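Keep in mind that this is a model prediction, so the values were computed, not measured. Chain identifiers are assigned alphabetically (A, B, ...) following the order of the sequence lines, protein sequences preceding nucleic acid strands; residue numbering begins at 1 within each chain.
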Protein chains: 2
Amino acid sequence: MSPQYEDADFIREVLDLVGDKWSVLIIGTLADGPIRYSDLGDAIPGISQRMLTLTLKHLQRTGLVTRTSYPEVPPRVEYALTELGTSLLSTVLALAAWSSDHHAEIRRHQTEYDNVTATQERGLATRHGRSHRRRQ
Amino acid sequence: MSPQYEDADFIREVLDLVGDKWSVLIIGTLADGPIRYSDLGDAIPGISQRMLTLTLKHLQRTGLVTRTSYPEVPPRVEYALTELGTSLLSTVLALAAWSSDHHAEIRRHQTEYDNVTATQERGLATRHGRSHRRRQ
DNA sequence: CAGGATCCGATGGGATACTG
DNA sequence: CAGTATCCCATCGGATCCTG
């Protein structure tokens with residue numbers, strides 16, 4: 001790595017933090033302000049209760065999110081972004097911007113790559129009497 | 001998400017790209033200039049041949065890395081960062097900087113959280129006659 | 001309402017052995 | 001040298017059911 005090599009460890013740390021499937025989605029939703037558990041689940045399409053709970057615990061442990069439970073009936077629990085969480089979100093949004101800027105170019109490369117390798121495989125198959133399996 | 005909600009998809013896209021275990025390490029190493037397969041493997045401690053190959057293919061398909069093979073004996077294959085790859089690296093380094101800045105605070109939160117939950121569990125155990133299993 | 005407990009299939013990734 | 005091919009296990013995450 002051209003800068004310093006210890007960057008590698010820090011990158012690993014962030015990716016371990018938010019590289020999973022739901023963390024940044026939750027952080028992003030919490031950016032709109034405190035929200036209760038069930039509303040959070042509704043706001044994030046496709047997330048299961050299990051992952052919502054697990055990811056929230058994870059984020060809470062890291063200090064990115066706070067959990068406040070109000071002793072009422074029915075119970076109410078609100079989750080909110082900490083300052084740390086907000087600062088991380090803004091950094092992550094830079095990544096999103098990069099993705100937005102280049103995602104057309106990326107798709108171009110991908111389909112081109114797929115076409116080339118598909119052509120190569122077809123060539124091999126005929127030359128070898130089609131001994132290789134098609135891609136699943 | 002306070003900005004636009006489509007950010008979520010873009011974030012997913014980048015994380016799917018480089019959220020795995022080795023991608024950014026490889027990108028970071030390639031930032032020093034073109035390098036051959038085996039040297040790349042030596043430069044990245046702990047990576048297996050399998051993952052080196054797989055991740056390189058992945059990065060190549062996305063257009064972040066180029067593969068150039070020189071028809072010599074012994075064979076020589078060099079991998080290099082594309083411009084796209086370089087631009088991504090600089091963005092990712094912002095994340096690394098965030099991690100570097102806050103990683104002490106993060107560890108503070110984590111140990112505090114662990115202490116609290118450990119204490120709570122101990123309380124439950126004695127009150128219930130220790131009916132719960134210790135954490136593995 | 002806000003979770004916890006289980007079960008289970010899908011991937012991710014390591015170790016090892018083999019090849020053009 | 002630069003990969004492929006297998007085997008295998010650990011973790012991730014979805015679905016479903018249960019509870020204070």
Side-chain angles (χ1 to χ4, degrees), chain A residues 12 15-26 30 34-61 65-80 117 120-121 123-124 127-128 131-133 135-136, chain B residues 12 15-26 30 34-61 65-80 117 120-121 123-124 127-128 131-133 135-136:
Chain A
R12 276 276 180 84
L15 289 182
D16 285 350
L17 239 58
V18 297
D20 62 8
K21 193 169 178 182
W22 300 108
S23 288
V24 290
L25 272 304
I26 292 181
L30 290 178
I35 186 176
R36 23 201 315 186
Y37 179 85
S38 55
D39 292 340
L40 192 49
D42 295 342
I44 302 179
I47 196 172
S48 65
Q49 278 197 333
R50 177 188 141 87
M51 288 320 292
L52 181 55
T53 303
L54 280 180
T55 310
L56 280 172
K57 271 188 183 164
H58 184 215
L59 295 176
Q60 191 189 344
R61 187 177 109 100
V65 158
T66 57
R67 190 197 109 118
T68 317
S69 110
Y70 300 88
E72 314 167 349
V73 274
R76 179 165 60 103
V77 177
E78 284 195 346
Y79 290 89
T117 56
Q120 289 172 349
E121 278 183 12
L124 283 175
R127 222 175 302 135
H128 291 174
S131 60
H132 280 300
R133 67 266 171 266
R135 52 176 61 262
Q136 31 179 351
Chain B
R12 276 277 181 84
L15 289 182
D16 286 349
L17 240 58
V18 296
D20 61 10
K21 193 169 177 181
W22 301 108
S23 289
V24 289
L25 273 302
I26 292 182
L30 289 177
I35 186 175
R36 18 198 322 182
Y37 180 85
S38 54
D39 293 339
L40 192 48
D42 294 343
I44 302 179
I47 195 170
S48 64
Q49 278 198 330
R50 175 187 142 89
M51 287 320 292
L52 182 55
T53 304
L54 279 179
T55 311
L56 280 172
K57 272 187 183 165
H58 184 215
L59 295 176
Q60 191 189 345
R61 186 177 110 100
V65 158
T66 58
R67 191 196 107 118
T68 317
S69 109
Y70 300 89
E72 316 167 349
V73 274
R76 178 165 60 105
V77 176
E78 286 197 344
Y79 290 89
T117 56
Q120 288 173 348
E121 278 181 12
L124 283 175
R127 221 175 303 132
H128 290 173
S131 60
H132 282 298
R133 66 268 170 264
R135 52 177 62 260
Q136 29 180 352

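- In this structure, B:D16 places its CG atom 14 Å from C1' of D:dC12, rounding to the nearest Å.
- Residues B:L40 and B:L30 have side chains in contact (heavy-atom distance under 4.5 Å, counting atoms from C-beta outward).
- Here the C1' atom of nucleotide D:dC1 and the CG atom of B:L56 are 14 Å apart, to the nearest Å.
- Rounded to an integer number of Å, the gap from B:L52 CG to D:dT4 C1' is 13 Å.
- Atom-to-atom, CD1 of A:I26 to P of C:dA2 comes out at 14 Å; the value is rounded to the nearest Å.
- Taking A:R67 as the reference, A:Q60, A:S69, A:V77, A:Y79 meet the side chain to side chain contact (heavy atoms under 4.5 Å, CB included) condition, with sequence neighbours excluded.
- Within the 4.0 Å cut-off from OP1 or OP2 of C:dG3, at least one side-chain nitrogen or oxygen of A:Y79 is found.
- Regarding B:I44, its CD1 atom lies at a distance of 15 Å from the C1' atom of D:dA2, rounded to whole Å.
- Put simply, A:S38 has a side-chain N or O that comes within less than 4.0 Å of OP1 or OP2 on C:dA2.
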Could you list the donor-acceptor pairs under 3.5 angstrom formed by side chains in residues 43-58 of chain B, with sequence neighbours left out?
residue: B:S48; atom: OG; partner: B:M51; partner atom: N; Å: 3.2
residue: B:T53; atom: OG1; partner: B:Y37; partner atom: OH; Å: 2.8
residue: B:T53; atom: OG1; partner: B:Q49; partner atom: O; Å: 3.0
residue: B:T55; atom: OG1; partner: B:M51; partner atom: O; Å: 2.6

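- Atom P of nucleotide C:dA2 and atom CD1 of A:I35 are separated by 10 Å, given to the nearest angstrom.
- Sequence neighbours left out, the pairs with a member in residues 71-80 of chain B that pass salt bridge (charged side-chain N to carboxylate O under 4.0 Å, His left out) are B:E72-B:R76, B:R76-B:E78.
- Between A:L59 and A:S23, the shortest heavy-atom distance links the atoms CD2-OG, 3.9 Å.
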Taking only N/O atoms, report every protein-nucleotides 11-16 of chain C pair under 3.5 Å with atom names and distance.
residue: C:dG13; atom: OP1; partner: B:K21; partner atom: N; Å: 3.2
residue: C:dG13; atom: N7; partner: B:R50; partner atom: NH2; Å: 2.4
residue: C:dG14; atom: OP1; partner: B:K21; partner atom: NZ; Å: 2.8
residue: C:dG14; atom: OP2; partner: B:W22; partner atom: NE1; Å: 3.4
residue: C:dG14; atom: O6; partner: B:R50; partner atom: NE; Å: 3.3

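- Rounding to the nearest 0.5 Å gives a distance of 14.0 Å between CZ of B:R12 and CG of B:L17.
- The end-to-end axis angle of the helix from C:dC1-D:dG20 to C:dG20-D:dC1, rounded to 10 degrees and based on five pairs per end, is 50°.
- Looking at the side chain of B:K57, the nearest of the listed nucleotides D:dG3, D:dT4, D:dG20 is D:dT4.
- In this structure, the CG atom of A:L17 is 17 Å from the C1' atom of D:dC12, given to the nearest Å.
- Between B:R36 and D:dC1 there is no side-chain N or O to OP1 or OP2 distance below 4.0 Å.
- Under the salt bridge (Lys or Arg N to Asp or Glu O under 4.0 Å) criterion, A:R36 pairs with no residue, sequence neighbours left out.
- Distance CG (A:D42) to P (C:dA2): 10 Å, rounded to an integer number of Å.
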